[in-house]
Student: 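So that we are looking at the same thing, I have put the structure below in structure tokens.
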Protein chains: 2
Amino acid sequence: MATMVQVAEMAGVSISTVSHVLNGTRHVEPETKQRVLDAISRTGYRQDALARALRRSRTDSIGLVVPDAGEPAFAEMVHGVEHAAANLGLTLILANSAENPEREERATHALLDRRVDGLILGRAAVSTPGLLQLLEEEKTPIVLLDRVFPDLPFDQVGADNREPMERLVAHLIAAGHRRFALMAGDIRVPTLRERGEGFGNAIRAAGLDPADQIVLSGTDDDELKDRLLDAFRAPARPTAVIAGSTPLAVSALRTARTAGLTIPGEVAFAAFDGFNHSDLFEPQITTVRQPAFDVGVAAVRLLADRLHDGDARPRTVRLQQSIEFRASTEDFPGVDADRVADAVAEPA
Amino acid sequence: MATMVQVAEMAGVSISTVSHVLNGTRHVEPETKQRVLDAISRTGYRQDALARALRRSRTDSIGLVVPDAGEPAFAEMVHGVEHAAANLGLTLILANSAENPEREERATHALLDRRVDGLILGRAAVSTPGLLQLLEEEKTPIVLLDRVFPDLPFDQVGADNREPMERLVAHLIAAGHRRFALMAGDIRVPTLRERGEGFGNAIRAAGLDPADQIVLSGTDDDELKDRLLDAFRAPARPTAVIAGSTPLAVSALRTARTAGLTIPGEVAFAAFDGFNHSDLFEPQITTVRQPAFDVGVAAVRLLADRLHDGDARPRTVRLQQSIEFRASTEDFPGVDADRVADAVAEPA
DNA sequence: CTGTTAGCGCATTCAG
DNA sequence: CTGAATGCGCTAACAG
């Protein structure tokens, strides 16, 4: 590979001049400039991004750590981040922690050691003390992605999770549902916790008895399924199930199948994040859709702003989710009238 | 950030010694080594990957360019590549060409300029002359991903596309189908071309009349839909539709809906790549499933081998696809007996 | 067993 | 308007 030295020799100028025509950083006589340009194209010279970065102390790259590259929602965020980064001329270094605290810390260090100009971090459900300390001390701008932590002094982007859950549950209550099962999942994850909170808010706001609601939280998928199955087989089974994420939705759907319950005939169903092309398949699932691509874009935007003004006050951006109402919550034959009467008779 | 110089000063040794304890590259007296280690932890020193890479002429990173980061199959490959790269201590620089030749060339250059140790390239449907020339001249190891080009002197990984298509079509023919529609898509893409070829092979092998088959190729999605709709409305409409990719499957399903045809009641259907969790939804779609994650892993493996032995003969690896047979091709009430008789009476 | 030194390829200050 | 020289932070001869 040719270096500036060979270009300079061929053009009969100093490497300083080559550098300046390359970067347009000072005036160069048109004629010499042309000689340099010719030498560049004849040698096929290309700037070495590494050496340039070392000298300038900027890499024009950003790092992205996601907690689960396999989940479609995160894959979409990666897509959005890549897109926005490319638009700014930044290259993207990607790492996946796979919800593993050690991998998360290692990946974060690896990216920082590569001197990324900024880092977008979707934290794992649980982080190492080392990572938390690193976050505190690190000077490189960091944006937290998807999983929003209230008290951290970082720019953060995520979806608004409580509001759509409240709206969804209110909708189902208005349709007559009184007993819900929520597949809440790992509530150490802010996203899932917030969705769970939205659920609680809606139940209380409607004056329903929280004791009638089944909230299944935990990290053991098999156990969640078992508990949901028990609920399905109990005398007063839930008439509506809400899943807080795609994996939880898969578990819920499998459990409904195991229990022999049809959707929406025997149980209503809705999911956050959900499945692609839900409009094409039965059951048509009511879905709270997160603008995952845009969340990624917004993260880059926050990062770029911070790169530009390091002292601005940290911002937390919440993107709105939309609810795609479909048959899975609409076409059920109606809730058992007795049970509805019970629930209404003895509000919380 | 602390540099080796401060560590060396604090430990009372030369930077050379610091470097050697860091890299374990020559023996250091246990006692001095300990002093260095102490100084490192007290200063919070971390190696600068940039400077290290510049000096060593290796970045311990690899580049990945995908043609469509939004397609789930490629997202899975990205996941697989990241996973395998991380296992080898390599960081991943990701770029998306979005099927745009200029972006592809720009991205490839950007990664190469960053001196990635190797590059995994999923080519766009059409590349610039500049990219082709670059590929020819470039010394950095390159592995072609997913889209296999027969005559190129590169390591390549992709799925075997002809065989499963042949098997699928044979299966459908055995079930009585004689008139197919293939959503072939952009046959400049090797993957789609190979799937199309597999289709042709199967038709010929069965002695069916190619003229009875409808092969819809092209890049204009609306036009493909229109032509499929025409086919659906023709007197002798196809009894089975095969989609060569997920986007094509979406188009086909929408068109079937427009035409008011039920699956599999009135038309059988199968798709390559398909949808996640197809077992949970109706219609349950027969799917040719590509091991996308493993394709990504295999690409890294090829690249690592090449990094280790640059002179080995280029290899092309084809991973096998599995066919998930489901109701969409199984439970149709049967093909129109007359038409079957016709087709059998006048073989190609 | 350890230290000194010369670059890796570039951007940039300082001279001219 | 252009060139010479310095150093970003590190590794790897080379020397002792």
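We name chains A, B, ... by the order of the sequence lines, and we start the count at 1 in each one.
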Student: Would you say the side chains of B/Glu104 and B/Asn100 form a donor-acceptor pair under 3.5 Å?
Tutor: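 No - no donor-acceptor pair under 3.5 Å links their side chains.
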Student: Starting from P on C/dC10, measure out to CZ on B/Arg55 and report it in whole angstrom.
Tutor: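 So the two atoms are 16 Å apart, to the nearest Å.
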Student: Please give, in whole Å, the distance from D/dG7 P to B/Leu54 CG?
Tutor: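 In whole Å, D/dG7 P and B/Leu54 CG are 17 Å from each other.
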Student: Using a 4.0 Å cut-off on heavy atoms, which residues in residues 15-25 of chain B reach DNA chain D? List them by number, or say none.
Tutor: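 Only B/Ile15, B/Ser16, B/Ser19, B/Asn23 qualify.
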Student: With B/Asp155 as reference, evaluate B/Arg306, B/Arg301, B/Arg313 under the salt bridge (Lys or Arg N to Asp or Glu O under 4.0 Å) test and give the passing residue.
Tutor: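 Single pass found, and it is B/Arg306.
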Student: Using whole Å, report how far CZ of B/Arg56 lies from C1' of D/dA13.
Tutor: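 Those two atoms, CZ and C1', are 16 Å apart.
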Student: Do B/Gln156 and B/Asp146 meet the criterion of a side-chain donor-acceptor pair at a distance under 3.5 Å?
Tutor: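 No.
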Student: Could you check B/Ser57 against B/Lys33 and say which one's nearest nucleotide on DNA chain C is further toward the 5' end?
Tutor: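 Residue closer to the 5' terminus by nearest nucleotide: B/Lys33.
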Student: Would you mind classifying the nucleic acid contact of A/Arg58 as base, sugar-phosphate or nothing, using non-hydrogen atoms under 4.0 angstrom?
Tutor: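 A/Arg58: no heavy atom of the nucleic acid under 4.0 Å.
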Student: Is a side-chain N or O of A/Arg147 found less than 3.5 angstrom from the main chain of A/Val189, in a donor-acceptor match?
Tutor: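 No: the side chain of A/Arg147 does not pair with the backbone of A/Val189.
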Student: Would A/Glu105 and A/Thr128 count as having a side-chain donor-acceptor pair, cut-off 3.5 Å?
Tutor: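 Their side chains do contain a donor-acceptor pair, which is all the 3.5 Å distance test asks for.
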Student: With no hydrogens and no angle check, is any side-chain donor or acceptor of B/Asn96 less than 3.5 Å from a backbone partner on B/Ala98?
Tutor: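 Flag set: sc B/Asn96 to bb B/Ala98 pair under 3.5 Å.
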Student: Rounded to whole Å, how long is the line connecting atom CG of A/Asp60 with atom P of C/dA11?
Tutor: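 These atoms are roughly 11 Å apart.
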Student: Please work out which residues in residues 45-52 of chain A have a non-hydrogen atom less than 4.0 Å from an atom of DNA chain C and list them by number.
Tutor: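 Within this stretch, A/Tyr45, A/Arg46, A/Gln47, A/Asp48, A/Ala51, A/Arg52 sit under 4.0 Å of the strand.
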Student: Give B/Met4 one of three labels, base, sugar-phosphate or nothing, depending on what nucleic acid heavy atoms sit under 4.0 Å from its own.
Tutor: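 Base, at least one base atom sits under 4.0 Å.
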Student: May I have the distance from B/Asp113 (atom CG) to C/dG9 (atom P), rounded to whole angstrom?
Tutor: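 In whole Å, C/dG9 P and B/Asp113 CG are 14 Å from each other.
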Student: Consider only side-chain N and O atoms of B/Thr91 and A/Arg114, and report whether a donor and an acceptor are under 3.5 Å apart.
Tutor: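 Side chains of B/Thr91 and A/Arg114: pair found under 3.5 Å.
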Student: Rounded to whole angstrom units, what separation is found between the CZ atom of B/Arg26 and the P atom of C/dT2?
Tutor: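 Computing the B/Arg26:CZ to C/dT2:P distance gives 8 Å.
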Student: Remember a base hit wins even if backbone is also touched, and classify A/Val13 as base, sugar-phosphate or nothing at under 4.0 Å, heavy atoms.
Tutor: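 Sugar-phosphate: the residue A/Val13, judged by heavy atoms under 4.0 Å, touches backbone atoms but no base.
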Student: For A/Ala75, is there any backbone N or O sitting under 3.5 Å from a side-chain donor or acceptor partner on A/His79?
Tutor: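 Not confirmed, A/His79 side chain does not pair with A/Ala75 backbone.
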Student: Is it the case that the side chains of B/Asp117 and B/Thr59 hold a donor-acceptor pair, with the cut-off being a distance below 3.5 Å and no angle test?
Tutor: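 B/Asp117 and B/Thr59 do have a side-chain donor-acceptor pair below 3.5 Å.
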